[in-house]
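Data block below; observations after.
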Number of protein chains: 2
Amino acid sequence: MSRPTYDDVLRVSSPTEEASAERRPVRIEEVARLAGVSPITVSRALRNPKMVSEARRERIRQAVEATGYFSNPHAKALRSGQSDIVAAFVSNILSEQFSLAVEGLAEVLEPAGFQVVLSRTSYSYKRETTLVRSLTATRPAAVFITGVMELEANRSFLRGLGVPIVESWAFARDPIDMLVGFSNTDGARMVAEHFAERGYRKVAFIGRSGGRGALRRKSFAMHCERLGLQVQREITRDTVSGVPEGREAMRSLLEENHDVQAIFCASDLLAIGGLLEARERGLRIPDQLAIAGFGDSTLAEEISPGLTTIVADSRNIGTQAGELMLKRLRGETPERTQKHVPIELVYRGST
Amino acid sequence: MSRPTYDDVLRVSSPTEEASAERRPVRIEEVARLAGVSPITVSRALRNPKMVSEARRERIRQAVEATGYFSNPHAKALRSGQSDIVAAFVSNILSEQFSLAVEGLAEVLEPAGFQVVLSRTSYSYKRETTLVRSLTATRPAAVFITGVMELEANRSFLRGLGVPIVESWAFARDPIDMLVGFSNTDGARMVAEHFAERGYRKVAFIGRSGGRGALRRKSFAMHCERLGLQVQREITRDTVSGVPEGREAMRSLLEENHDVQAIFCASDLLAIGGLLEARERGLRIPDQLAIAGFGDSTLAEEISPGLTTIVADSRNIGTQAGELMLKRLRGETPERTQKHVPIELVYRGST
DNA sequence: TTGTAAGCGTTATCAG
DNA sequence: CTGATAACGCTTACAA
């Protein structure tokens, strides 16, 4: 490969900007001096304006502006035992749905002065445990979890933190604290019912063996039985559920030569992988094989045929979680601490 | 909608776990007492084991284990003036490419004890400036930017921080500090050359008006001129480049009734939006209209026809950035502080 | 190699 | 409503 060409990146200069001077941070004391008050008054004016007289409040505001003061989050957290950090446990930051939830969460929390910090658990209990334990020192203001924490030890640990905690992505009984979730059980039921309506009788399941995968598998199997559908095969994997895993699972399934008309894949990416694999092997979809997913990936709509799947509003999960947290952080008591998020089956060409 | 069904979420209990006792954090002093040494020795053993004798090191290790000690990051940052935080400026956390880079970055930095914290700039100079200024107080160990910082004020501010900084996603001259990027200019040239080879003469451009969009537009226009292609129309938007924006831009373009054979969209999502819109309007792709993108979205491969696009290894950008940072944080001097990432044109059905 | 003393910048506490 | 004082838990600087 030849020498790369340089990009002429745009540079925007603000003419008012002084030269790159010293970066010594401004401390609260400097602001106080400028405003002619004591440091603690500045602190109060910033955190709880009502505690400070109108006149001083204004002088302090100007001094903050003039100095470009930002309070030191470490000092604040150290002394007060509470940081502005909201810890978000995400099993997989590449997941579109989880990213949307984090986006929604951040949109609500950032204007209130909190910072969302991601903890990538990578579907590992061990990592999760380490990360949970480190929270005692980090002292987050609240904790969000894309999912439900399964390890009892971690659950009780989090509860002991004494901060608002929101679990999500399932409609579980007795959450650690608060919950914003949908019923995986109902979602899987809807798929089973949809298969029955479409006249498919011999079905199969592909999904992760733990967590939501297990919930969806169990409910699917139960409702298939109820509706007289025969589950010919269940393929479960404990790896991340991506397109490659979906392809691989579909490959095994097809090579086993089962007599299957429709497959429920417990995540959209699995389903899309499966769909691609099946298509490449010359199967007509949905005539020779129907496929349904779970999760509302954007891909589900763009692929052809479009993927029939269960859809929930991921961003909204984050938004609601943020709102619950804020209420609690303000000392209010939300009337409901378990929010139910509606889901629906979107019928597209793959079934 | 009827009452949701509860999910029976799996709960895993570790039998060895004691009851949910007090959550009072363990301090370094407690570890020191248990190991029979002074706190500062524990501190040293944890940060720089070589400074402490073998025997004590082992006793301290055991004491840390026994107590479940985690050092308080706020106290550490406050006193040392340096935190374990690596700040990652991401314009859009929903971008698959940026998420991959962050994933790569985190994979390298976390084992070394650093924590990657995302700052969502949302393509806003104002937000970016606020976030940059807040770094003086946060005292990050290093800064990663998915892109090149354009505001001179912010550039000099970051430089003044005195920590390793890695810009990316462009092969720019004089970065703030270090750089891991590819040439957008070359990428756009490759598209122009590809259009020429395929015999398209009348072309158009769709992209964001600033940042990388501008780089790609400029280079594309230049090379079109060189190759004798006529750029009939350039549609630029200053919004986020998603599928809806692509649809909308394609709609305007088609309604203007230009005589266009091929369109270069400066991002894959724009291209995919454009492709969907064109297809829905009955245009045969690529016969009646060819479309190329930039960026290697997974969608590009799955959609039909597949999208011809410029591909770089996003995760690798993050990995390399992490490695550069670690070297500097260890006091080493990397021989090259500007890494070039190769790109290639992947030819699929859309052109 | 180890320890002592001091202080990072903020806020809880208590007094006015 | 405002201020003085001390303390959060750690690490730097210096001493032994």
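Residue numbers start from 1 in every chain, and the chains themselves are labelled A, B, ... in the order their sequence lines are given, proteins ahead of strands.
Proximity of Thr41(A) to the phosphate of dG3(D): a side-chain N or O atom is located under 4.0 Å from OP1 or OP2. Checking the phosphate oxygens (OP1, OP2) of dC10(D), a side-chain nitrogen or oxygen of Tyr69(B) falls inside 4.0 Å. Checking the phosphate oxygens (OP1, OP2) of dG3(D), a side-chain nitrogen or oxygen of Ser38(A) falls inside 4.0 Å.
Residues Glu150(B) and Tyr125(B) bring a donor and an acceptor atom of their side chains to less than 3.5 Å of each other. Residues Ser43(A) and Arg47(A) bring a donor and an acceptor atom of their side chains to less than 3.5 Å of each other.
In summary, of the residues considered (Thr121(A), Val143(A), Val132(A)), a side chain to side chain contact (heavy atoms under 4.5 Å, CB included) with Met149(A) occurs for Val132(A) alone. Between Asp177(A) and the choices Arg328(A), Arg159(A), Gln338(A), the side-chain hydrogen bond (donor to acceptor under 3.5 Å, both in side chains) rule is met once, by Arg328(A).
If you take CG of Asn48(A) and P of dT2(D), they are 13 Å apart, rounded to a whole angstrom. Atom CD1 of Ile40(A) and atom C1' of dG16(C) are 15 Å apart (whole Å). Distance NZ (Lys76(A)) to C1' (dC8(C)): 17 Å, rounded to an integer number of Å. Between the NE2 atom of His74(A) and the P atom of dC10(D) there is a distance of 15 Å, given to the nearest Å. Atom P of nucleotide dC10(D) and atom CG of Leu46(B) are separated by 10 Å, given to the nearest angstrom. Residue Asn72(A) contributes atom CG, which lies 6 Å from atom C1' of dG9(C) at whole-angstrom precision. Note: CZ (Arg44(A)) to P (dT13(C)) measures 12 Å, nearest angstrom. To the nearest angstrom, P of dG7(C) lies 16 Å from CG of Leu78(A).
Applying the 3.5 Å distance criterion, the base of dA7(D) shares a donor-acceptor pair with the side chain of Arg79(A).
For Arg127(A) (side chain) and Arg120(A) (main-chain N/O), a donor-acceptor pair under 3.5 Å exists by modelled atom type.
Nucleic acid contact class of Arg56(A) (heavy atoms, under 4.0 Å, all strands): sugar-phosphate only. Residue contacts shown for Ile28(B) are limited to sugar-phosphate atoms, with no base heavy atom under 4.0 Å away.
For Ser71(B), the side-chain atoms get nearest to dC10(D) when compared with the rest of dT11(C), dC10(D), dT10(C). Between dT2(D), dC8(D), dC10(D), one nucleotide has an atom nearer to the side chain of Val52(A) than all others, and that is dT2(D). Side-chain atoms of Ser53(A) lie closest to dT2(D) of the nucleotides dC10(D), dT2(D), dG9(D).
Taking for each of Gly36(B) and Ser80(B) the nucleotide of DNA chain C with the nearest heavy atom, the 5'-most of the two is the partner of Gly36(B). Of the two residues contacting DNA chain D, namely Arg47(B) and Met51(A), the nearest-nucleotide position lying further toward the 5' end is that of Met51(A).
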